[in-house]
K.L.:
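Input: one structure, supplied below.
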Amino acid sequence: MKTLCLAGLGVLTLQAQQPAQTFTLPNGLRVVHLEDHERPLVRVLLHQDLQPGDTPAGHGGLAALALRLLDRSDAGDLKATDYVRLLDGAGIQVDRTLRPGALEWRLVARSRDQDRALGLLADRVLRTVLDPQLLEFQRLACWQEELRLQASPRATLRQALTPDPGLRPTLQGLAAISLEDLLAFKAKVFRPERAVLVLHGDLGLEQAKRLVMLSLGSWTAPRFVAPDPHPLPAPAAETMPLAVASREPGRPAQTLAQALIQPPAGLAPEVAALLGLLVPGDPAALPVQVGMEDSCLVAALDAGPGESAPALWSRLTAHLEALRQRGFTQADLDRAKAAWPARLSLESLDPERQMTTALDQALGRGVAPDQLQAVSLEALNTGLRRWLDPAGYRGGVTGAPEPRPSDQQPPRNQP
Amino acid sequence: MRPLVIALLAERRGLTAFHATLVFRGGRAEEPTALAGATDLLASALFGASWPEDLDPQRTAALDAILRQEEGLLESIRLERLRQRRDPAGVSQLPALEASLATTQSRLKAAFATSPLADLYAAKGGSQSAEATADALYAHSALPQEAFDFWCRTEAQRLKTLQLSRFSQARAALLADLNQSGGQGLALIRGAALPGHPYGRDLANNLPALEALRWSELRAYARRALSPDRLTLILVSGTPLDNLLPLVERHLGTLPVHPAGEDAVLPEIPSDLGDRRVQATHGSLTSLQVGWRIPPRSHPDHLALQVAAQLLAGGPSARLPQRLVQQKELAREARLRLDVPGGRLPGLLVAEVVPAEGHGLAELERALHSEILRLQQEPIAPEEWQRAVAQLETGHLKVLDSPALLATTLGRAWAEGGDWRVADREIQRLRTLGPETVQAAARAWLRPSHRTTAWLEPTLDEGLDPLDAEIAKVLQALAATRIEDPAQREHLAAEGLRQLRMLSAEERARTLKLLKAQLAPVKP
């Protein structure tokens with residue numbers, strides 16, 4: 001006889017999620033507060049905006065190197081080792097990420113350590129003095145990390161497609177970066193009006209205001225540095241196709257084509273959200289695998305037996321073009337409109353996702369539910385045609401036995 | 001026959017969605033050798049997506065017929081390829097077989113909807129994923145709360161039909177991944193430290209078995225491996241349990257238990273096998289890996305070893321990153337992994353250290369062992385102890401705060417420790433644990449007789465620094481003066497370089513000078 005054995009962890013006493021509240025400090029720092037007293041835990045997300053003009057021409061990898069150096073230098077009156085010891089000693093977890101358009105710190109701390117967590121974050125952002133003695137070592141470490149990435153042809157290709165030059169170190173770019181460049185980058189980027197702070201967890205609004213004011217209220221913007229008149233353009237496709245050989249002798253190199261497709265400028269967030277639901281996993285694209293990464297569509301296709309790089313690239317683009325030309329039906333649109341609010345409800349399961357959504361809202365990238373429901377089929381398909389316009393592909397082929405003929409190369413750059 | 005065990009573990013108010021994890025005990029460790037890779041295939045082919053056609057009882061017979069045909073063709077193609085390898089001059093049946101397969105796969109494709117958002121969970125705004133581990137198969141789903149009844153029905157139907165219609169794609173993808181990634185460093189140390197044990201098996205060494213694995217065999221295996229008596233459901237939801245239980249019972253409580261669903265009997269390996277060493281050229285990075293055979297998660301010493309790992313490598317200010325990376329600058333990075341590859345049976349605590357430029361693996365190994373001895377013998381400073389406890393506490397709070405993490409943690413506790421309460425008990429025990437207990441466990445388990453050391457060095461043409469590249473060039477030139485066979489020359493040079501890499505940069509530079517001198521033209 002089958003029986004059902006049940007066990008309970010005990011019912012947790014919780015309260016419903018409070019709506020996000022926002023306020024702005026006199027220095028221009030925008031703060032989003034999400035109150036949640038379920039656990040004695042506080043999460044912090046500091047988003048620092050990055051723009052293409054932040055990386056001057058010929059300085060590829062500047063943002064990556066700046067972050068490395070920033071993280072390893074002394075902060076205020078704290079030696080770098082003491083700084084790390086203080087974080088670790090309180091069990092404060094820190095993640096730093098560099099992604100297209102942003103440099104982010106995410107902290108998780110017990111709520112009793114919230115003052116220390118915010119204070120240490122402020123020390124890092126406001127009071128770090130870049131240590132010139134570390135520059136050469138970190139320059140090398142940055143390049144070694146890049147080389148390690150290149151151990152996998154798939155990762156090499158993905159990195160080569162990264163549109164943000166600051167995130168894509170090159171040997172020449174790293175070699176050209178001086179301490180002055182790093183200081184100028186820091187002065188240009190680390191400004192309160194270019195940052196958004198999201199707080200989530202076991203702290204009330206008044207407490208949050210006090211805490212942020214105490215730790216980041218003194219953040220003043222340094223002298224304004226004009227954007228570089230000749231920013232480094234996004235890397236062109238001349239580096240592609242990448243004929244990356246197998247790193248394991250005796251194992252065949254995997255031939256893979258990949259296209260990174262950024263949303264076109266001016267695409268409404270609501271249309272982008274619906275397309276983000278419909279395009280990835282659409283059987284019409286198969287065998288091309290389409291996914292979303294940092295708001296971009298990423299399409300990938302593995303080569304068939306004996307398939308050449310040009311044929312593979314043509315096949316990938318043909319599948320995407322077929323999807324683009326076919327468009328979606330009213331039934332597809334209705335399904336997506338029904339799925340979107342349901343997907344939104346899943347955010348209650350994930351505090352980090354709640355913070356990301358709150359950040360998107362603060363940055364004006366949020367989706368308005370009523371506008372999403374009002375999107376017409378025509379607007380959806382127009383958005384699809386713009387997004388999948390081959391002129392916007394950044395593409396490449398890796399593990400290729402031979403380079404593609406020039407007439408079949410993917411376009412060199414995003415318009 | 002054991003009962004279907006479903007533990008409904010957490011109820012959280014304020015949630016508008018639920019997270020459910022199905023945990024099937026067993027995992028890769030219980031796969032028979034002939035079915036190596038079956039757990040990974042079930043994760044992707046069965047739990048990777050939820051297509052309505054797979055779950056429609058009216059269509060099962062029709063889909064089965066096509067899948068049987070596809071299975072026959074795939075097997076014929078495999079056999080024909082083997083035959084061709086033995087007799088390349090014979091008449092090939094491959095083109096005809098491949099054409100038949102293409103036709104059959106087109107029929108299979110045509111049996112499925114081609115509209116976007118056809119996946120049942122995606123259409124409801126949900127998500128699903130699955131992972132295969134050494135100890136279990138985990139299938140995670142997240143859906144809006146109102147879809148709970150739908151989820152129960154869907155999962156029950158999935159487990160009844162076990163359709164596996166994406167079997168051939170899943171197998172091809174897994175083979176491609178294994179072919180591409182090859183043997184990983186960790187697989188090497190697992191194999192050396194746990195010889196003959198399923199925990200030591202490397203799937204990349206079982207490619208022929210995986211290529212020969214058939215759809216019907218995987219399905220038969222799934223009936224045993226996914227039998228409800230091996231299942232625990234972890235549910236994190238905002239709805240009171242009383243409202244959910246009837247639905248769970250109605251749908252998942254009626255699943256048939258497979259009669260052969262008992263645990264496999266796995267061989268035991270004594271922890272003190274002796275100090276073992278492996279040297280290999282591998283990938284593009286030089287690294288040192290040291291693994292100690294440690295007890296399973298259910299053992300009283302396991303928690304103490306978890307704290308020991310935290311003291312050694314939990315965060316940038318822990319001992320290994322501080323001393324080996326920051327202070328002595330011997331290593332570029334140092335980290336520890338606990339329970340490799342699993343925690344249900346005796347597994348490994350593995351230290352992975354990548355040397356800094358100019359430092360050899362022997363030097364690194366000595367420094368690592370010094371740190372282990374310090375942990376065993378010298379008192380642990382109170383602030384260091386507090387740091388480790390604080391980190392573990394924050395980690396625990398983070399787990400409790402995230403339904404997905406909570407479900408995975410409780411599922412692992414059940415699959416590895418035999419009881420989902422293990423996760424909670426560990427954090428309670430942590431508060432009463434003392435540094436002496438940790439040191440005693442370190443002395444008992446992190447000793448040479450439990451140890452396996454692997455020196456991994458890049459292949460000759462990979463990742464060489466300029467000095468090594470120069471040495472390799474000179475060694476090859478020297479070998480060319482004495483040996484005619486190029487393969488033998490290559491081997492000799494590689495072996496010479498491998499041995500020289502054990503020296504410091506300074507010693508290597510001196511050796512290079514001596515070697516160069518031997519190349520100098522002989523005076524008449």
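In what follows, every chain begins at residue 1, and chains take the letters A, B, ... in the order their sequences are listed.
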K.L.:
For the CG atom of A:Asp282 and the CG atom of B:Leu117, what is their distance to the nearest 0.5 Å?
P.N.:
8.5 Å

K.L.:
Check step by step if side chain to side chain contact (heavy atoms under 4.5 Å, CB included) holds for A:Leu140 and B:Glu357.
P.N.:
CA-CA 10 Å; A:Leu140 182 68; B:Glu357 196 146 333; 4.1 Å; yes

K.L.:
Taking all non-hydrogen atoms of both residues, which atom of B:Gln322 and which atom of A:Arg85 are closest, and how far apart?
P.N.:
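Nearest pair, atom of B:Gln322 first, then A:Arg85: OE1-NH2, 3.8 Å.
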
K.L.:
Nearest 0.5 angstrom please: A:Leu87 CG to B:Gln391 CD, how far?
P.N.:
10.0 Å

K.L.:
Given that the side chain runs from C-beta out, which part of A:Arg112 has a heavy atom under 4.5 Å from chain B: side chain, backbone, both or neither?
P.N.:
side chain

K.L.:
Is A:Gln133 atom CD crowded by more than 12 heavy atoms from other residues, nucleotides or ligands, each under 6.0 Å away?
P.N.:
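No - once you tally the heavy atoms of other residues, nucleotides and ligands closer than 6.0 Å, there are 12 at most.
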
K.L.:
Based on non-hydrogen pairs under 4.5 Å, which of A:Ala339, A:Pro351, A:Ala109 is most in contact with chain B?
P.N.:
A:Ala339

K.L.:
Mind listing the closest non-hydrogen atom pair of A:Ser348 and B:Leu15 along with its distance?
P.N.:
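Scanning both residues completely, I find the closest heavy atoms to be O-CD2, 3.2 Å.
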
K.L.:
Name the member of B:Ala17, B:Ala118, B:Ala142, B:Ala113 that forms the most heavy-atom pairs with chain A at distances under 4.5 Å.
P.N.:
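Answer, by heavy-atom pair count under 4.5 Å with chain A: B:Ala17.
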
K.L.:
Step by step, would you call B:Lys398 with A:Arg43 a side chain to side chain contact (heavy atoms under 4.5 Å, CB included)?
P.N.:
CA-CA 10 Å; B:Lys398 213 172 145 185; A:Arg43 294 167 193 268; 4.0 Å; yes

K.L.:
Over all heavy atoms of both residues, which pair between A:Ala90 and B:Ala390 is shortest? Give the atoms and the distance, please.
P.N.:
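Where A:Ala90 meets B:Ala390 most closely, the heavy atoms are C-CB, 3.9 Å.
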
K.L.:
Sort A:Arg72 into side chain, backbone, both or neither according to what part of it lies under 4.5 angstrom from a heavy atom of chain B.
P.N.:
neither

K.L.:
Taking all heavy atoms of A:Val108 and all of B:Thr394, pick out the closest pair and write down the distance.
P.N.:
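Reported closest heavy-atom pair: O-CG2, 4.1 Å.
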
K.L.:
At what distance, to the nearest 0.5 angstrom, does CZ of A:Arg39 lie from OG of B:Ser402?
P.N.:
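These two atoms lie 11.0 Å from each other.
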
K.L.:
Would you find more than 12 non-hydrogen atoms of other residues, nucleotides or ligands less than 6.0 Å from A:Phe137 atom CZ?
P.N.:
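It does not: A:Phe137 CZ has 12 such atoms or fewer within range.
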
K.L.:
Can you tell which part of B:Ala318 gets under 4.5 Å to a heavy atom of chain A, answering side chain, backbone, both or neither?
P.N.:
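Contact with chain A: backbone only.
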
K.L.:
Side chain from CB out, backbone as N, CA, C, O: work out which of these in A:Ala336 comes under 4.5 Å of a heavy atom of chain B, or both, or neither.
P.N.:
both

K.L.:
What is the distance from atom CG of A:Leu346 to atom CD of B:Gln145, rounded to the nearest 0.5 Å?
P.N.:
10.5 Å

K.L.:
First locate atom CD of B:Glu384, then atom CG of A:Asp88, and finally report the distance between them rounded to the nearest 0.5 Å.
P.N.:
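So the CD of B:Glu384 and the CG of A:Asp88 are separated by 11.0 Å.
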
K.L.:
If you count heavy-atom pairs under 4.5 Å with chain A, which of B:Gly314, B:Pro144, B:Gly395 comes out on top?
P.N.:
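Result: the option with the highest number of such pairs is B:Pro144.
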
K.L.:
Identify, with sequence neighbours excluded, every residue that meets ring pair (Phe, Tyr, Trp, His ring centres under 6.0 Å) alongside B:His396.
P.N.:
none

K.L.:
Using non-hydrogen atoms only, which part of A:Pro341 is less than 4.5 Å away from chain B: side chain, backbone, both, or neither?
P.N.:
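Interface part for A:Pro341: neither.
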
K.L.:
With a 4.5 angstrom heavy-atom cut-off, which part of B:Leu143 approaches chain A: side chain, backbone, both or neither?
P.N.:
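For B:Leu143, the backbone is the part near chain A, not the side chain.
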
K.L.:
Could you tell me which non-hydrogen atom of A:Leu349 sits nearest to which non-hydrogen atom of B:Pro403, and how far apart they are?
P.N.:
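For A:Leu349 versus B:Pro403, the nearest heavy atoms are O-CD, 2.9 Å.
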
K.L.:
Identify the two heavy atoms, one from A:Asp332 and one from B:Ser115, that lie closest to each other, and give their separation to 0.1 Å.
P.N.:
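A:Asp332 and B:Ser115 have their closest heavy atoms at OD1-CB, 4.0 Å.
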
K.L.:
Side chain, backbone, both or neither: which part of A:Leu41 has a heavy atom under 4.5 Å from chain B?
P.N.:
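Interface part for A:Leu41: side chain.
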
K.L.:
Can you confirm whether A:Pro283 sits close enough to B:Phe112 that some side-chain heavy atom of one is under 4.5 Å from a side-chain heavy atom of the other?
P.N.:
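Not in contact.
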
